[in-house]
2 protein chains.
Amino acid sequence: MRTPSVEDYIKSIYKAHAERGNVATHELADRLDVSAPAVSKMMRRLSELRLITHTPYQGVKLTRAGEKLALEIIRHHRLIELYLVQAMGYSWDAVHEEAERLEHHISEEFEERMDVLLGHPTACPHGDPIPTRAGTIARTSNRSLARQRTRERLIVRRVSDEDSKLLRHLESLGVTPGAAIEFVSQEPFEGPLVLQVGNTRVRLTPQAAKEVFVDAVDDDDG
Amino acid sequence: MRTPSVEDYIKSIYKAHAERGNVATHELADRLDVSAPAVSKMMRRLSELRLITHTPYQGVKLTRAGEKLALEIIRHHRLIELYLVQAMGYSWDAVHEEAERLEHHISEEFEERMDVLLGHPTACPHGDPIPTRAGTIARTSNRSLARQRTRERLIVRRVSDEDSKLLRHLESLGVTPGAAIEFVSQEPFEGPLVLQVGNTRVRLTPQAAKEVFVDAVDDDDG
DNA sequence: CAGATGACTTAACTGAGGTTAATCCAAACT
DNA sequence: AGTTTGGATTAACCTCAGTTAAGTCATCTG
């Protein structure tokens, strides 16, 4: 129990639930890049470990213990990402992979020291909130820039951290967490989005925009 | 291949060879806290991986590939130990355990960044030399303080890193790598060693002294 | 409402890494 | 040199995490 594999499954269930609601077997198989039978079998193990409730042929849901485990691993992941950028000079597109391994192997002390050295940060370099040690997490934007239709001033909240090419691209455009941008228009036939970023006008494909999450500018900040 | 387990076996073979010469099955079983059959079986795997040469009922020896792997893992371990102390504020008695896990999971980039941030260090906090990336390692003292019989001025070179209680004790006595000490005498009936450390006279049990390695003062430095 | 379809699960197998029990070998000692 | 003996190996088995192939369930459709 509490092997890297178990932790990966639990994390994937948490994320799938947050993004899509109900969690199907093939959804996890896709995310974890394993076969569906591997998922089925692991669901039984996780049930026995009381980390999930699983009704066969229906779906799967984390117990509170499972959710806490997921949040602990996610906390590790995001603290590590930020630490690598802030303390070790990594670029933000290179940290995900490293964090993906290390998150399973650091001690409580390591986690605590990173947290202190970073000044109890609340978000990772990609804008995702860092769960607390107690197992809570701040709500964050789930509003994808790709769904924007009307001209509006927006704040970039977070971007998906998994594709480093995309991250390098977004950085070069200035589309990074915290940035104030304006959605101007979308070119016809599912063409690129036209954005105002600072003084420059940039274009972003819908595929890229899907991975960028925003809030309206008048929500919290100006 | 190149699982944490494989790396641990290779590292243990390297260390056992350095300390004792020939490497027997039960020696590895003791070090790794597994059964002798587990060792026997792993020896076959490591042979197939061309990391060792194994003549059944005789012993085991690392190939050059095995030695390079061992040195890479040891390099990871010692860089991590030093990084934890220097950059993260760990105490020297707490780093071994953490390094023991992380050594298997860091990337080349992580290794390289630690190395640069630490200024290409040559020794870990316990005085053990850090292998180079090319797979070479500096010779170090193998002269245990426990074997000292005559009054002599000595330099502490390194101390075993595995027992954190011992490390805290040695630190409190000032018996740390680089320290100049003088062996004064040993009390009768395998009693404690009497040492002069700076201005104070301290006593150290033979069990503890066994884990401290020294050089004569006139060897390299004064 | 029966049947086709596709997702989910079960079955049988693989490989890594471990266990204990049984066997084997080599070195040491009469 | 034969026998003892203890360390090393093999055998049989376990768990974890994966695979492919086969079977099952729920739902969507004609």
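In what follows, chains are A, B, ... by sequence order, proteins preceding strands, each numbered from 1.
Not counting sequence neighbours, the partners of A/His96 by the ring-ring contact (aromatic ring centres under 6.0 Å, His included) test are A/His77. Checked against salt bridge (charged side-chain N to carboxylate O under 4.0 Å, His left out), A/Arg101 has the following partners two or more places apart in sequence or in another chain: A/Glu98. With sequence neighbours left out, the ring-ring contact (aromatic ring centres under 6.0 Å, His included) criterion links A/His126 to A/Trp92. Every side-chain contact (heavy atoms from CB on, under 4.5 Å) that A/Thr140 has, sequence neighbours left out, goes to A/Pro129, A/Arg158. For B/Glu152, the side-chain contact (heavy atoms from CB on, under 4.5 Å) test picks out B/Arg143, B/Gln148, B/Thr150, B/Leu154, B/Ala216, with sequence neighbours left out. Residues forming a ring-ring contact (aromatic ring centres under 6.0 Å, His included) with B/His105 (at least two apart in sequence, or on another chain): A/His105. Annotation: side-chain contact (heavy atoms from CB on, under 4.5 Å) contacts of A/Pro206 (sequence neighbours excluded): A/Gln186, A/Leu193. Residues satisfying the side-chain contact (heavy atoms from CB on, under 4.5 Å) criterion with B/Pro131, sequence neighbours excluded, are B/Leu71, B/Ile74, B/Arg75, B/Ile137. Every residue was checked against the salt bridge (charged side-chain N to carboxylate O under 4.0 Å, His left out) condition with A/Arg50, not counting sequence neighbours, and none meets it.
Within residues 52-59 of chain A, the residues having any heavy atom closer than 4.0 Å to DNA chain C are, in order of number, A/His54, A/Pro56, A/Tyr57. Within residues 9-28 of chain B, the residues that have a heavy atom under 4.0 Å from DNA chain D are, in order of number, B/Ala24, B/Thr25, B/His26.
In this structure, B/Leu62 and B/Ile10 have side chains that are in contact, with non-hydrogen atoms separated by less than 4.5 Å.
Between the CG atom of A/Asp8 and the P atom of D/dC16 there is a distance of 17 Å, given to the nearest Å.
Under 4.0 angstrom from either OP1 or OP2 of C/dC8 there lies no side-chain N or O belonging to A/Ser40.
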What protein N or O atoms touch nucleotides 13-16 of chain C N or O atoms at under 3.5 angstrom, if any, and at what distances?
unit_1	atom_1	unit_2	atom_2	d
C/dA16	O3'	B/Arg45	NH1	3.4

